Amino acid sequence: LVTMTTVGYGDFFPVTPLGKLIGSATMLCGIVVLALPINVIGGNFIGEYTLNQKKTEIETVEVAFHTERERADFFEARCVELSAAVDVIKEGIDAAKEAIDKIERQKLAQAKLIAQKDNIN
């Protein structure tokens, strides 16, 4: 017990059974007095360490989320731009169809005029 508690160099030691009992109780109380705070400090350290790890993990996830959100915003803006370009192309196609229809109507009208002239002669 004395070796385990590392009390003194053996210069002074109890001789009577009551003195040995009180000395042993004092050594055990010294162990308890040191063991309780060490346990609390160790528990708090583990709690803080775990909390710090969770914060780091959350920050990592947040950074990844923001990065993905920025990418999504970029692609959304690009889709809007492409959608506008598609609308312009559709308008161009519609205008071309109208022009073709107009030309075909003009050709048909010319063909009718030519046919009427041929019938008159």
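Quick caveat: nothing in here was measured; it's all calculated off a predicted structure. No hydrogens, no waters, no symmetry mates; every other heavy atom, side chains included, goes into these values.
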Does anything in residues 39-58 form a side-chain hydrogen bond (donor to acceptor under 3.5 Å, both in side chains)? List the pairs, not counting sequence neighbours.
Tyr49-Gln53
Under the side-chain contact (heavy atoms from CB on, under 4.5 Å) criterion, do Leu36 and Val40 qualify, and how do the steps go?
CA-CA 6 Å; Leu36 288 177; Val40 171; 5.7 Å; no
Please check if the side chain of Thr67 supplies one atom and the backbone of Val63 the other of a donor-acceptor pair under 3.5 Å.
yes
Output for pair (Lys107 NZ, Ile100 CD1), nearest 0.5 Å, gives 10.0 Å
With Glu62 via side-chain contact (heavy atoms from CB on, under 4.5 Å) - residues at least two apart
Ile58, His66
Spacing of CD1 belonging to Ile89 relative to CG belonging to Leu82, to within rounding of 0.5 Å:
9.5 Å
For Gln106, what residues pass the side-chain contact (heavy atoms from CB on, under 4.5 Å) criterion, not counting sequence neighbours?
Lys102
So, using salt bridge (charged side-chain N to carboxylate O under 4.0 Å, His left out) as the criterion, who are the partners of Arg78 when residues are at least two apart?
Glu81
Looking at side-chain heavy atoms only, is the closest gap between Pro17 and Leu21 below 4.5 Å?
no
Of all residues at least two apart in sequence or in a different chain, which pass the salt bridge (charged side-chain N to carboxylate O under 4.0 Å, His left out) check with Glu70?
none
Salt bridge (charged side-chain N to carboxylate O under 4.0 Å, His left out) partners of Asp73, counting only residues at least two apart:
Arg69
Can you tell me how far apart CG (Leu108) and NZ (Lys112) are? Round to the nearest 0.5 Å.
4.5 Å
